[in-house]
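Working notes for the structure below.
These numbers come from a predicted model, not from an experiment.
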Amino acid sequence: MHEREIDRRTVLKAAGGVAAAGVAAMAGVTALDRRADAAPATFTHPGALHNWGDLNRAKVRVAAGDDPWLSGWNRLTANSHAQSTWTPRPQATIIRGGTGENYTILYNDIHAAYQNALRWWVQGSTAHGDCARNILNAWSATLTTVTGNADRFLAAGIYGYQFANVAELLRGYPGFDLARFKTMMLNVFYPMNNSFLTNHNDACITNYWANWDLCTMNSILAIGILCDDAAKYDQAVNYFKNGAGNGSIKHAVPFVYDDQGLAQWQESGRDQGHTMMGMGQMGAFCEMAWNQGDDLYGYDNNRFLKAAQYVAKYNLGQDVPFTKYTWGTGQNCAYQEHTVISSASRGQLRPVWEILHFHYTRRKYLSVPYISAMAAQVRPEGGGGDYGSTSGGFDQTGFGTLAYAK
C-alpha cells in the first residue's frame with residue numbers, strides 16, 4: 001500500500017510539472033514518506049479540483065474533436081456564464097440568509113470566473129483568461145464581509161472552495177493579484193470556515209446536515225492548497241477522517257451494507273436533492289485531496305464509493321435498505337429520527353456524477369454500475385446556470401465530462 005502511494009504521488013508531481021525530474025527524485029522522498037495525515041511537503045499546482053494532466057487531456061481531446069470531451073466543451077461554451085463579456089459586480093458585503101440577501105451576485109460571478117478559466121485552459125483564449133482574472137481581482141479588491149443568518153456559513157463554505165479553485169486555475173496568469181486574493185481567502189472566508197467547524201454555530205454537534213460540514217471542509221482544504229498552508233490542509237483531512245460533525249466520513253456515511261456494496265448517506269431520510277449535493281461536496285473533497293496525493297475516495301474500505309452507489313441506485317428508481325437514523329437538533333440536542341428513505345426530489349439530475357464515475361472506473365478500474373448509470377444520464381455535464389437560477393444549481397462547479405473524462 002505504501003509503495004502504491006509513493007508511485008501515485010510521483011506521477012502526480014511529474015504530471016503537474018512542479019519540479020524538474022532530478023529535484024523531484026530527491027525532494028520527493030521527503031514528501032512521499034511523510035507521516036500519516038500530514039500535508040505534502042510540496043503542494044502540487046494546479047492541484048485542487050483539477051490537475052495538469054486532466055486539463056491537458058481535455059485540451060488535446062477537444063482540439064481533436066473527440067467525444068465525450070467535445071460534447072462537454074460545447075456544453076461549456078453554450079453557457080451564458082462562460083462568455084468573455086461577463087462583467088463582475090463585486091460587493092463589499094455578501095449576505096446569505098436574513099434581510100438584504102445579495103449572495104446570488106457572488107455565486108454568479110464565481111461561476112463566470114470558473115467557466116472562463118476553463119475556456120482559457122482548454123482553448124488558450126486570453127479573452128476568457130482575462131475575464132476570469134478581472135472577476136477575481138475585482139472581488140479581492142472589494143469583498144470584506146460574508147454575513148447573514150446561519151446560512152452565512154454555507155456561503156463561506158460553498159463559495160469559498162469554489163473561489164479558491166478558480167484562483168488555483170489562474171496561478172501565474174498575467175495581471176492576477178494572487179497575493180491579494182489569498183489575503184481575501186485567509187481573512188474573509190477561512191475564519192468563518194474555522195468557526196463553523198469548531199463551534200457549529202453553538203448548536204448541537206449533530207444539528208447541521210453533512211453538507212454544512214462538507215462545504216466548510218472543502219473551503220479549508222482548497223484554501224490550504226491555494227495558500228500552500230499545510231496546517232489548513234491537515235485540518236480538513238483530519239476532520240474528514242476523525243471529525244465530530246456530520247461531514248466526517250463515518251458520520252456522513254453512518255451505515256454500511258457490505259453484503260450489497262452499499263452504504264446509507266446521512267441525509268437520505270431528508271431528501272434526494274441534498275443527498276446528491278452531498279455526493280458533489282464529498283466528491284470535490286476527495287478529488288482535491290487526490291490531487292495532493294491522498295486517496296480519500298477509497299478511505300475506510302471504499303466507504304464513500306458504497307454511499308455513492310447507494311444514492312445512485314435509489315435515484316435510478318431501485319430499492320435500497322434503510323436503517324433508522326437518529327440525531328439531536330438545536331442547542332439542547334432535541335431528539336429527531338428518520339425511519340424511511342425520502343423520495344423527495346428522487347431522480348433529480350445534478351452535475352456530481354462524472355467526477356465519481358471517471359475516478360472509480362478509469363483510475364481505479366472498479367465496477368460502479370449505479371454511479372455510471374447516473375453519470376450517463378447527465379452526460380455531457382453542465383455547470384452553474386444549466387441547472388436553474390437558484391443556489392442549488394450553483395452548489396457544484398460541474399462540467400465533469402470535459403474536466404474528468406479519461
Roughly how far, to the nearest 0.5 Å, is the [atom2] atom of [Y] from the [atom1] atom of [X]?
X	Y	atom1	atom2	answer
D271	I341	CG	CD1	11.0 Å
M277	Q348	CE	CD	11.5 Å
R57	W52	CZ	CH2	10.0 Å
K232	I225	NZ	CD1	13.0 Å
M184	D177	CE	CG	10.5 Å
T144	N187	OG1	CG	10.5 Å

Is there a donor-acceptor contact under 3.5 Å linking the side chains of [X] and [Y]?
X	Y	result
D151	Y103	no
H111	Q162	yes
Q336	Y325	no
H50	N291	no
W86	N116	no
D130	W120	no
Q235	Y190	yes
S140	R180	yes
H251	Q266	no
Y360	S372	no

Checklist entry - Can you name the nearest heavy-atom pair linking V378 to R350, along with the distance? => result CG1-O, 3.8 Å
Checklist outcome for this item: Scanning both residues in full, the closest heavy-atom pair of W69 with A58 reads CD1-CA, 3.9 Å
For the pair [X] (side chain) and [Y] (backbone), establish whether a donor and an acceptor sit closer than 3.5 Å, ignoring hydrogens and angles.
X	Y	value
E381	G72	no
T77	N74	yes
D229	I220	no
T183	A179	yes
Q272	S342	yes
T216	N193	no
N201	A203	no
N165	A222	no

Checklist entry - Is the centre of the F285 ring less than 6.0 Å from the centre of the Y161 ring? => result no
Could you tell me whether [X] atom [atom1] has more than 12 heavy atoms of other residues or ligands within 6.0 Å of it?
X	atom1	value
K59	NZ	no
R171	CZ	yes
K406	NZ	yes

Next on the checklist: Pair E354, R379 - check salt bridge (Lys or Arg N to Asp or Glu O under 4.0 Å), show working.
Outcome noted: CA-CA 8 Å; E354 290 281 53; R379 189 175 300 135; 2.8 Å; yes
Check the orientation of [X] and [Y]. Use parallel for under 30°, tilted for 30 to 60°, and perpendicular for over 60°.
X	Y	answer
Y233	F43	perpendicular
F304	W265	tilted
Y208	F196	perpendicular

Item to check | Steps toward salt bridge (Lys or Arg N to Asp or Glu O under 4.0 Å) verdict (R363, D295) | outcome: CA-CA 11 Å; R363 283 177 180 156; D295 184 5; over 6 Å; no
Item to check | Residues K241 and D294 bridged, charged N to O under 4.0 Å | outcome: no
Next on the checklist: Is the terminal nitrogen or CZ of R75 (NZ for Lys, CZ for Arg) located under 6.0 angstrom from the six-membered ring centre of F399 and within 45° of that ring's axis?
Outcome noted: no
Next on the checklist: Run the ring pair (Phe, Tyr, Trp, His ring centres under 6.0 Å) test on Y107 and F394 for me, step by step, so that the C-alpha distance in whole Å, both residues' side-chain angles and the decisive distance to 0.1 Å come before the verdict.
Outcome noted: CA-CA 7 Å; Y107 67 64; F394 294 80; 4.5 Å; yes
Item to check | From CA spacing to verdict: ring pair (Phe, Tyr, Trp, His ring centres under 6.0 Å), W209, H274 | outcome: CA-CA 9 Å; W209 304 101; H274 285 97; 7.8 Å; no
Checklist entry - Step by step, would you call H45 with D228 a side-chain contact (heavy atoms from CB on, under 4.5 Å)? => result CA-CA 10 Å; H45 300 294; D228 296 291; 2.7 Å; yes
